[in-house]
Structure formats: structure tokens, C-alpha cells
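For clarity, every value in this text was computed on a predicted model and none was experimentally measured.
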Amino acid sequence: MSIKNLIFDLGNVILRLDQQATAKAFKDLGATSFPNLAQHGNHATIVDYETGKISAEDFRKTVRANIGLPETVTDEQFDQAWNAMLLDFPKGRLELMRTLKKDFGYNVYLLSNTNAIHIEYIDRVSLKEYEEDSLHPFFDKVYYSHEIQYRKPSAEAFEVILKDQGLEAGETLFLDDMPENVAAAKACGLQAAQVDAETDLSFLQLRF
């Protein structure tokens with residue numbers, strides 16, 4: 001079955017990440033026990049924030065207590081540290097999204113486990129050189145976990161897109177850097193491949 005639809009992850013696929021930069025930033029602010037994000041990305045507080053169950057205010061309050069952050073640290077300083085992991089877009093990555101849509105006829109979507117603090121920063125800072133104020137123009141539709149209230153690798157996260165867009169799972173290719181998300185997509189009937197921010201995605205211009 002030919003591929004008609006592409007679903008991309010954001011972090012470490014479209015956008016480079018450095019999670020240790022956030023750990024260092026919090027430690028520099030005086031945090032006494034900041035965990036390795038790669039190991040604690042499924043911590044209940046992060047999951048709740050990235051599925052819209054708690055507010056940014058509640059997220060900050062809980063994280064502050066958990067990592068021993070001094071009370072003198074402002075919300076602005078907190079957000080700067082939390083966003084420190086967000087780096088840049090690999091050269092040509094966002095332009096490729098537009099090319100895949102306009103020149104190759106794919107339906108192109110974004111599905112990201114993310115949160116309001118990160119997206120506000122990406123829209124305001126990361127996209128400056130692209131003269132866009134959000135990622136929406138680069139995709140047919142963007143799906144953020146904190147807005148759809150489901151987070152990969154839950155089947156519901158994939159089903160939201162399939163149902164919303166009326167897509168056939170077998171005609172859809174999902175690309176993500178996390179093996180558990182790739183496996184979950186396959187379990188939902190999608191085709192899936194593990195890639196990362198350094199993967200050359202030009203192969204997608206060879207229609208298959």
C-alpha cells in the first residue's frame with residue numbers, strides 16, 4: 001500500500017534537543033536534585049502537564065518542590081531553564097515539510113509530546129528566522145499532546161489524527177526517535193520508522 005500521509009515527531013526529529021542543558025540550567029539556579037530527563041520523561045508531573053491535566057502554574061510549583069529549587073527563582077527563570085533543552089532546526093528540515101506537502105502531495109502532520117511553555121518558546125524564539133509565528137504553516141495540521149490530551153505511546157494519540165483526518169493507517173508513515181512510540185504506531189496499523197534530528201529525510205522525496 002502506498003504512503004499518502006506522513007506524521008512527524010517534533011523533538012529530536014524536527015527540532016534538535018539537549019535535555020542535559022535543562023538539567024544544567026536548573027542546577028545553576030540552585031536545584032538540589034534534578035533527575036535525568038531521559039529517564040524521567042514519563043514522571044507523573046510531566047505526563048500530567050503534557051496531557052493538559054495540570055496548568056503551567058501547577059507544573060512549576062510541583063517541579064520546584066521536587067527538585068529543591070530556591071523560592072527566589074522567578075517563573076521567567078524557571079521557564080528559561082525548562083526551555084534550555086530546545087535547540088535549533090536542522091538545516092532544511094522545515095523547508096522539507098513544505099516541499100513534501102506542495103511538491104510531493106503528501107498530507108503532512110506533526111504529533112508531539114509537548115507542553116505550553118515549550119510551544120510558546122518555539123513560536124516566539126525558535127521560529128524567528130523563518131518569519132512564522134507558529135509551526136502550523138509547515139504542516140497540514142499540528143497535534144500537540146497538551147491540546148489533544150493524549151501522549152505517545154498511547155494508542156489514543158494516533159487515533160486522534162486518524163479519525164480527525166479520516167486517514168487509512170496503512171497509508172500513513174509515522175517518524176519518531178523513540179522506539180516505544182514507533183512500536184505503538186505499528187500496533188495501531190501505521191507504518192513507522194525510527195529517525196532522529198540528524199537523519200537525512202530526503203528519501204521521503206522518493207514517493208513510495
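Atom OG of S126 is separated from atom CG of D88 by 8.5 Å, given to the nearest 0.5 angstrom. With rounding to the nearest 0.5 angstrom, the CG atom of N83 is 5.0 Å from the CG atom of L86. Taking CG of N12 as the reference point, atom CD of Q19 lies at 8.0 Å (rounded to 0.5 Å). For the atom pair CG (N181) and CZ (R151), the distance works out to 8.5 Å, reported to the nearest 0.5 Å. Taking CD1 of I67 as the reference point, atom NZ of K27 lies at 10.5 Å (rounded to 0.5 Å). Rounded to the nearest 0.5 Å, atoms CG (D28) and CD (Q80) are 12.0 Å apart.
Side-chain polar atoms of T45 and D48 form no donor-acceptor pair below 3.5 angstrom. A side-chain donor from one of Q165 and Y143 sits under 3.5 Å from a side-chain acceptor of the other.
A donor-acceptor contact shorter than 3.5 Å is absent between the side chain of T172 and the backbone of N5. A donor-acceptor contact shorter than 3.5 Å links the side chain of T51 to the backbone of V47. In this structure, T22 contributes its side chain and A81 its backbone to a donor-acceptor pair below 3.5 Å. In this structure, R64 contributes its side chain and A31 its backbone to no donor-acceptor pair below 3.5 Å.
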side-chain contact (heavy atoms from CB on, under 4.5 Å) evaluation trace for V63 with F59: CA-CA 6 Å; V63 172; F59 173 70; 3.6 Å; yes
Report the C-alpha separation of D133 and D123 in whole Å, then their side-chain angles, then the decisive distance to 0.1 Å, and conclude whether the side-chain contact (heavy atoms from CB on, under 4.5 Å) test is met. CA-CA 5 Å; D133 58 8; D123 291 350; 5.6 Å; no
Step-by-step side-chain contact (heavy atoms from CB on, under 4.5 Å) determination, F139 to L6: CA-CA 10 Å; F139 300 88; L6 302 173; over 6 Å; no
Evaluation steps, side-chain contact (heavy atoms from CB on, under 4.5 Å), between H146 and I119: CA-CA 10 Å; H146 66 288; I119 295 305; 3.9 Å; yes
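Contact record, A84 with A21: O-CB, 3.6 Å, taken as the closest heavy-atom pair. Between Y49 and N115 the shortest heavy-atom distance is CE2-CB, 3.2 Å. For the pair C188 and A169, the tightest heavy-atom approach, listed with the atom from each and the gap, is O-CB, 3.7 Å. Residues A192 and A185 approach most closely at CB-CB, 4.0 Å, considering heavy atoms. Residue S145 comes nearest to T114 through the heavy atom pair OG-N, 2.9 Å, listed as atom of the first residue, atom of the second, then distance. Annotation for N66 and S33: closest pair O-OG, 3.4 Å, computed over non-hydrogen atoms.
Contacts of F89 classified as ring-ring contact (aromatic ring centres under 6.0 Å, His included), with partners at least two apart in sequence or in another chain: Y130. Here E120 pairs with R124 under the side-chain hydrogen bond (donor to acceptor under 3.5 Å, both in side chains) rule; sequence neighbours left out.
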Let me have the donor-acceptor pairs involving side chains of residues 95-105, under 3.5 Å, with sequence neighbours excluded, atom names and distances please.
residue : atom : partner : partner atom : Å
R98     : NH2  : E132    : OE2          : 2.5
T99     : OG1  : E95     : O            : 3.1
K101    : NZ   : P137    : O            : 3.3

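Under 4.0 Å is where a charged nitrogen must lie from a carboxylate oxygen, and between E180 and K152 no such pair does. Of the charged side-chain nitrogens involved, none lies within less than 4.0 Å of a carboxylate oxygen, so that K53 and D58 do not count as a salt-bridged pair.
Between D177 and the options V195, D9, L17, a side chain to side chain contact (heavy atoms under 4.5 Å, CB included) holds for only D9.
Considering only heavy atoms from C-beta on, Y150 comes within 4.5 Å of V160 through its side chain. Proximity of Y109 to V142: side-chain heavy atoms (C-beta onward) are nowhere separated by under 4.5 Å.
Aromatic rings from F174 and F158 are positioned such that their centres are separated by under 6.0 Å.
Classification of the Y144-H136 ring pair by plane angle, with boundaries at 30° and 60°, yields perpendicular.
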